[in-house]
Each structure stands twice: as structure tokens, then as C-alpha cells.
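Report on one structure; see the data block that follows.
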Amino acid sequence: MLANREPPGNLPLLAQSLGFEAEVVRDDIQAMEKADDSTLLAIPFSGLRLDKHGLPNTLRHAMQFSPIFLYQVESRLVDPQIALMLGVRGLIHREEQLDQVLLAIKLLMRGQLYYDRALLSALVDDMVRQRQSLGAEQGDVSAMMSLTRQEKRIIELVGQGARNKEIAYNLNISAHTVKAHLSSIFRKTQSRNRVELLRWAQQLSREPRMMM
């Protein structure tokens, strides 16, 4: 673990007390040269800002060589969600008690993240929702591609309010064939009736790439 840019306080001693190797490096360039994937770079962040405007260039440069975490962080200046999304492994705030700092060092040195659980839970929930949404979209695309040209035309006619006899007349096929096509369409789109089929088609049409 390296601490650079300003006096590291008692962080290196705390890390050593837990059995981790810690080294203080005062010079940024020297720190970069010594860092690698097995090194966790601890960067003091007192009085510095990290928010919607992004990651400071010095931190972005450091992350090219080694994973980093920030300590002596001031809550009012650092947005934890943005820090996490930018790749910062954790934040140790100035006001944290000794037992929490020790826990943070243990977790970080073991390769884990150190953030508020509520924040991590919220981000995981967002990821699950996005995955579910993506899965639904992929299922719609798959269903769309499985439809034949005739079935797509029948869906269009259903959307215009045509009944089976009218569909049969427009496509010059029998009413029995229309029923067979509709059965296939319901199965492919996982629709139970015309209402659900129209809802599926309307949802699909909102995406230009999925237009029929």
C-alpha cells in the first residue's frame, strides 16, 4: 500500500498492525513506478472534490497503474456513487472511527470494496432491473425475428381492428388458416389474446430498430 501527496497520518501504521505491508511514497512519479496490480494505492483526499465533474487527472492517471482508494475524504465534497462508478475501490472518511478504519483497510486489502451498504444495494438493484429490462428487449427481438412475413401482416391487420374473416379476405386465405397463424403468433409473442398481442406490438414499435 502506498500513500502519497501529503502526510499519510496513521494509515500505514494501521495497515502494518493488521499484517499488511505498507510503504509511504511522497512523490507521485515514484509511486506510479512502484505500483502494480498487486498494490493498492491509498491517496489522501482532504479538501478535494470528486463529483459529477469527474475524476481528477491525478487519480485517473494513478488508476492506470494500480487500484486506488481515498482516505481523509470529506463527505460534502465527494459523491460516493460517482466515485464507485469511476472505479475508486473505497472511501475512508475523516470522521470515521478507528474500528471502521481498520475494517475498511481489511476489506480493501482483501480486494473488496468499501462503501456504504445501502449504496451498494441500490446499485445492485439498478443493475438487476437493467438486466431484466434488457432480457425483455432481447426476448422481444427474438420473437420479432421468428415471425413470418404473413404473421407480421396479420398482426398489422389485427392492429387495424380486422376480424378473422376480414383478415382472411385481405390475405386471400381461409379463416381456418388465419386461426392457425394467430395461434402461432400468440405462442411466439407469449400473448394470450389479441389485447396482449397489440400491447406487445405497441411496446415493440416504440423502439425504431424494432419497427415492423
Side-chain angles (χ1 to χ4, degrees), residues 1-138 206-207:
M1 182 174 67
L2 303 172
N4 66 345
R5 296 185 46 177
E6 64 182 61
N10 61 356
L11 193 70
L13 293 177
L14 292 176
Q16 290 171 349
S17 73
L18 294 171
F20 299 113
E21 181 181 350
E23 180 180 354
V24 178
V25 179
R26 304 289 184 184
D27 182 82
D28 284 342
I29 296 177
Q30 185 181 355
M32 303 305 170
E33 291 176 347
K34 291 192 174 186
D36 56 34
D37 289 339
S38 64
T39 301
L40 183 61
L41 184 60
I43 300 180
F45 215 64
S46 176
L48 300 177
R49 181 178 297 277
L50 196 164
D51 51 26
K52 62 182 179 181
H53 299 296
L55 194 67
N57 288 334
T58 52
L59 299 190
R60 193 179 302 278
H61 185 60
M63 292 172 67
Q64 296 177 4
F65 297 88
S66 173
I68 70 170
F69 74 90
L70 309 180
Y71 67 100
Q72 298 177 4
V73 171
E74 297 179 39
S75 299
R76 63 185 179 85
L77 298 179
V78 175
D79 186 320
Q81 182 170 346
I82 291 177
L84 176 57
M85 299 304 292
L86 288 172
V88 177
R89 302 293 298 174
L91 306 175
I92 300 179
H93 294 87
R94 295 184 64 176
E95 64 273 15
E96 292 198 55
Q97 300 298 315
L98 178 60
D99 59 338
Q100 282 299 116
V101 175
L102 290 170
L103 174 61
I105 294 173
K106 285 181 182 179
L107 293 176
L108 288 163
M109 295 300 288
R110 291 171 181 169
Q112 299 182 45
L113 298 174
Y114 181 69
Y115 283 95
D116 180 74
R117 285 192 175 186
L119 171 64
L120 293 175
S121 295
L123 289 176
V124 170
D125 288 343
D126 286 342
M127 290 172 61
V128 170
R129 283 193 293 269
Q130 291 173 10
R131 186 180 184 87
Q132 290 173 339
S133 175
L134 179 60
E137 290 178 1
Q138 289 175 337
R206 294 194 184 106
E207 292 291 338

With rounding to the nearest 0.5 angstrom, report the [atom1] to [atom2] distance, [X] to [Y].
X	Y	atom1	atom2	value
Leu86	Ile68	CG	CD1	9.5 Å
Phe69	Leu11	CZ	CG	5.0 Å
Phe20	Leu108	CZ	CG	9.5 Å

For [X] and [Y], which heavy atoms make the closest approach, and how far apart are they?
X	Y	value
Glu74	Arg94	OE2-NH1, 3.4 Å
Pro80	Tyr115	O-CE2, 3.5 Å
Met109	Leu40	SD-CD2, 3.7 Å
Gly47	Leu77	C-CD1, 3.6 Å
Ser75	His93	OG-CD2, 3.1 Å

Query raised in the report: Could you go step by step and tell me if Lys52 and Asp79 meet the side chain to side chain contact (heavy atoms under 4.5 Å, CB included) rule?
Result: CA-CA 8 Å; Lys52 62 182 179 181; Asp79 186 320; over 6 Å; no
Query - Candidates Leu48, Leu70, Val88, Val73 - the one meeting side chain to side chain contact (heavy atoms under 4.5 Å, CB included) with Ile43 - result: Leu70
Let me check something: any side-chain donor-acceptor pairs from residues 97-106 under 3.5 Å, sequence neighbours excluded? List them with distances.
| from | atom 1 | to | atom 2 | distance (Å) |
| --- | --- | --- | --- | --- |
| Gln100 | NE2 | Tyr114 | OH | 3.2 |

